[in-house]
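Side-chain atoms are counted along with the backbone in the values below, which use heavy atoms only and exclude waters and symmetry mates.
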Amino acid sequence: MRLRLPKRLQSSGLPLRDLAITAAPFLLIAALLLVLAYQWLQPNPPRRVVMATGAPQGAYHEFGKRYAEQLQRHGITVTLRPTQGAAENLALIRQPDSGVDIVLAQGGGEPDAPHGGREEDDPDNGLVSLGSVFYEPVWLFYREDAARRLTQAPELTRLGQLVGGTLNIGAAGSGVPPLMERLIAANAIAPDAIALQRLPTTPAVVDLLEGRLDALALASAPEALMVQMLLKTPDIRLMDFAQSEAYSRRFPFMSAVLLPRGVVDLAADQPPADVRLIAPTATLVARDTLHPALAQLFVQAAQQVHGGAGWFQRKGDFPNAANTERPIAPEAQRFYRSGPPFLQRYLPFWLANLADRMWLALVAIIAVLIPLARVLPPLYEFRIRRRVFRWYAQLRAVEDARGKRPAADLLADLADIEQRVDGIRVPLSYADELYALRSHIDLVRQRVG
């Protein structure tokens with residue numbers, strides 16, 4: 001019996017080409033599922049987002065610049081849109097075609113408006129909060145001589161003491177006019193008892209300094225330039241809200257805060273005494289369609305921008321989920337509960353976000369592919385063994401032709417079959433079947449010869 005070990009069998013290990021061909025449909029299904037999951041989850045956020053802030057010289061706009069700097073580090077461009085203030089910001093984000101994705105909004109910066117009782121009638125439907133980011137105190141500056149004229153005293157402590165005077169409550173589009181109107185109404189002051197002006201901040205400050213106004217109201221973070229300037233201006237006083245705690249009980253968006261003595265200027269002892277103020281809370285408001293990764297980045301940026309100590313808060317007080325008038329976005333809740341995503345602490349943002357968004361889909365895909373993977377070994381075995389077994393049909397045909405065809409022709413057919421079998425390449429683990437085929441070829445040759 002002539003058994004020769006084929007050279008191709010001697011050098012053959014696991015034929016990777018066969019394995020690749022067998023696994024190709026499996027890999028194609030896996031790739032298709034990954035593509036579908038990627039399209040559905042959209043793990044990569046848009047590279048551009050529009051944020052409405054406020055007047056160019058105001059605190060909102062300055063904070064917007066800081067947000068833009070933080071997100072630019074992750075390759076996200078924040079386009080700032082200047083506005084008159086919180087009321088205009090909310091009007092823009094409620095307009096589907098405004099292009100605004102996120103805004104800074106002041107608590108209580110809109111007039112009370114009864115809703116129709118249906119969800120679709122709610123103007124805030126489709127909006128979410130990313131959290132409270134800073135206190136926005138009501139700064140009511142007044143002229144000392146105006147206080148003496150109105151109350152025969154150098155200080156004001158209640159809004160009712162402004163009856164008969166002139167008060168600027170800010171331009172339309174700002175959150176201050178509706179806020180002040182609510183406060184005036186809460187004090188049962190007749191609408192015409194105080195002459196209300198609606199000038200923008202800069203001309204109003206000029207009128208106050210020149211005596212054409214008795215007082216003006218601002219609602220802003222202490223970083224605002226006008227606030228800083230007025231706090232240091234002689235003969236201009238800051239009203240001490242003696243009823244600050246009562247305001248915080250009446251209005252859920254309002255907090256009672258304290259401007260500590262000397263915090264403006266320790267050397268000059270300004271202010272010379274603690275000043276009680278009332279403060280709405282500024283919040284980040286976004287569309288509920290904002291990409292979750294962008295929401296996460298904005299909350300992280302808020303921590304960097306507003307997380308330090310300030311005149312009215314200790315380090316770490318902001319951002320938080322308190323005093324928000326709208327539901328908290330899921331990504332913001334996740335941040336306030338457990339901090340930044342685990343992977344973002346060790347990986348670049350884009351890679352951490354991709355893994356964070358895709359891992360659940362990957363688990364689901366693996367769960368689908370595991371049963372499919374079980375058919376790969378039988379398919380691979382069938383493909384390898386088929387190379388050997390398909391020659392048995394021809395070998396049987398030669399054996400059945402004994403006595404019907406010349407022996408020389410049958411031997412020639414066997415030689416041809418043997419030559420072709422010599423070219424078969426199989427893994428060593430299947431070599432026994434190849435040897436068995438060669439044995440059977442020699443056995444048929446003996447019977448034919």
Query raised in the report: Short question: side chain of Glu144, backbone of Ile236 - any donor-acceptor pair under 3.5 Å?
Result: no
Is any side-chain heavy atom of His74 less than 4.5 Å from a side-chain heavy atom of Leu297? yes
When every non-hydrogen atom of Leu127 is compared with those of Arg287, the smallest separation belongs to CD2-CA, 4.2 Å
Margin query: side chain to side chain contact (heavy atoms under 4.5 Å, CB included), that's the test. Do Gln243 and Asn187 meet it? Break it down for me.
Written below: CA-CA 11 Å; Gln243 300 168 314; Asn187 281 272; 4.0 Å; yes
One should read off an interatomic distance between Ile184 CD1 and Leu196 CG, to the nearest 0.5 angstrom, of 4.5 Å
Do the ring centers of His306 and Tyr67 come within less than 6.0 Å of each other? yes
**Report entry** Salt bridge present between Asp269 and Arg261 (N-O < 4.0 angstrom)
**Finding:** yes
Arg334 backbone acceptor or donor facing Ser338 side chain under 3.5 Å: yes
Closest non-hydrogen atoms of Leu213 and Arg143, given as atom of the first, atom of the second and distance, are O-CD, 3.3 Å
Would you check if there is a donor-acceptor pair between the side chains of Thr83 and Asn89 at a distance under 3.5 Å? yes
In this structure, OG1 of Thr151 is separated from CZ of Arg158 (nearest 0.5 Å) by 9.5 Å
Of all heavy-atom pairs linking Leu231 and Phe141, the shortest is CD2-CE2, 3.8 Å
### Query
Between Phe318 and Tyr135, does the ring centre distance come in under 6.0 Å?
yes
query: Are side-chain heavy atoms of Leu162 and Leu150 found at a separation under 4.5 Å?
result: yes
Checklist entry - Within the distance-only criterion (no hydrogens, no angle test), does the side chain of Asp240 pair as donor or acceptor with the backbone N or O of Arg276 below 3.5 angstrom? => result yes
What orientation do Trp311 and Trp139 show, parallel under 30°, tilted 30 to 60°, or perpendicular over 60°?
perpendicular
*asked:* Quick one, Ile76 and Arg47 - any side-chain contact, counting heavy atoms below 4.5 Å?
replied: yes
Exercise for review: Please work out which of the three classes, parallel, tilted or perpendicular, describes the rings of Phe251 and Tyr247, given edges at 30° and 60°.
Suggested key: parallel
Sorted by chain and number, sequence neighbours left out, salt bridge (Lys or Arg N to Asp or Glu O under 4.0 Å) with Glu88 holds for none
Beyond-backbone contact of Pro46 with Leu294, side-chain heavy atoms, under 4.5 angstrom: yes
Rounded to the nearest 0.5 Å, the CZ atom of Phe253 sits from the OG atom of Ser248 at a distance of 11.0 Å
Rounded to the nearest 0.5 Å, the OG atom of Ser129 sits from the CD1 atom of Ile328 at a distance of 4.0 Å
Are any of the side-chain nitrogens in Arg73 or Glu69 under 4.0 Å away from the carboxylate oxygens of its partner?
no
Heavy-atom side-chain proximity of Asp97 to Gln95 below 4.5 angstrom:
yes
### Message
Between Asn320 (side chain only) and Ala322 (backbone N and O only), is there a donor and an acceptor less than 3.5 Å apart?
### Response
yes
Correct closest heavy-atom pair for Ala215 and Leu140 would be CB-CD2, 3.9 Å
Point to revise | Glu433 side chain to Val388 backbone, donor-acceptor under 3.5 Å | key: no
Correct closest heavy-atom pair for Ile194 and Leu159 would be CD1-O, 4.1 Å
d(Thr53 OG1, Met51 CE) to nearest 0.5 Å is 7.0 Å
- Task: Any chance you could lay out the side chain to side chain contact (heavy atoms under 4.5 Å, CB included) test for Phe134 and Phe63, step after step, and finish with the verdict?
- Result: CA-CA 11 Å; Phe134 59 89; Phe63 285 138; 3.6 Å; yes
- Message: Could you go through Leu104 and Val133, starting from their C-alpha distance and side-chain angles, then the distance that decides it, and tell me whether this counts as side chain to side chain contact (heavy atoms under 4.5 Å, CB included)?
- Response: CA-CA 9 Å; Leu104 281 165; Val133 290; 4.0 Å; yes
- Item | Residues Tyr60 and Glu136: side-chain donor-acceptor under 3.5 angstrom | yes
ask   = Counting distance only, does the side-chain N/O of Gln70 pair as donor-acceptor with the main-chain N or O of Arg66 below 3.5 Å?
value = no
Distance col, row Met226:CE vs Leu218:CG, nearest 0.5 angstrom, shows 9.0 Å
Scanning both residues in full, the closest heavy-atom pair of Leu130 with Phe298 reads CD1-CB, 3.9 Å
Val205 side chain reached by Leu230 side chain, heavy atoms, under 4.5 Å: yes
Between Glu331 and Gln296, do the side chains contain a donor N or O and an acceptor N or O under 3.5 Å apart?
yes
Next item on the list: Could you check Val49 against Leu290 for side chain to side chain contact (heavy atoms under 4.5 Å, CB included), going step by step and ending with a plain yes or no?
Entry: CA-CA 9 Å; Val49 62; Leu290 184 71; 4.3 Å; yes
Applying salt bridge (Lys or Arg N to Asp or Glu O under 4.0 Å) to Asp101 and not counting sequence neighbours gives none
Residues 198-216 vs salt bridge (charged side-chain N to carboxylate O under 4.0 Å, His left out), sequence neighbours excluded, gives Arg149-Asp214, Glu181-Arg198, Asp207-Arg212, Glu210-Arg212
Exercise. Side chains of Pro271 and Leu238: does their closest heavy-atom pair fall under 4.5 Å?
Worked result: no
Margin query: Strictly distance-based, threshold 3.5 Å: is any side-chain N or O of Tyr142 a donor or acceptor partner for the main-chain N or O of Leu156?
Written below: yes
**Prompt:** Do the non-hydrogen side-chain atoms of Met180 and Leu167 ever get within less than 4.5 Å of each other?
**Reply:** yes
Donor-acceptor pair, Ser98 side chain versus Leu92 backbone, under 3.5 Å?
yes
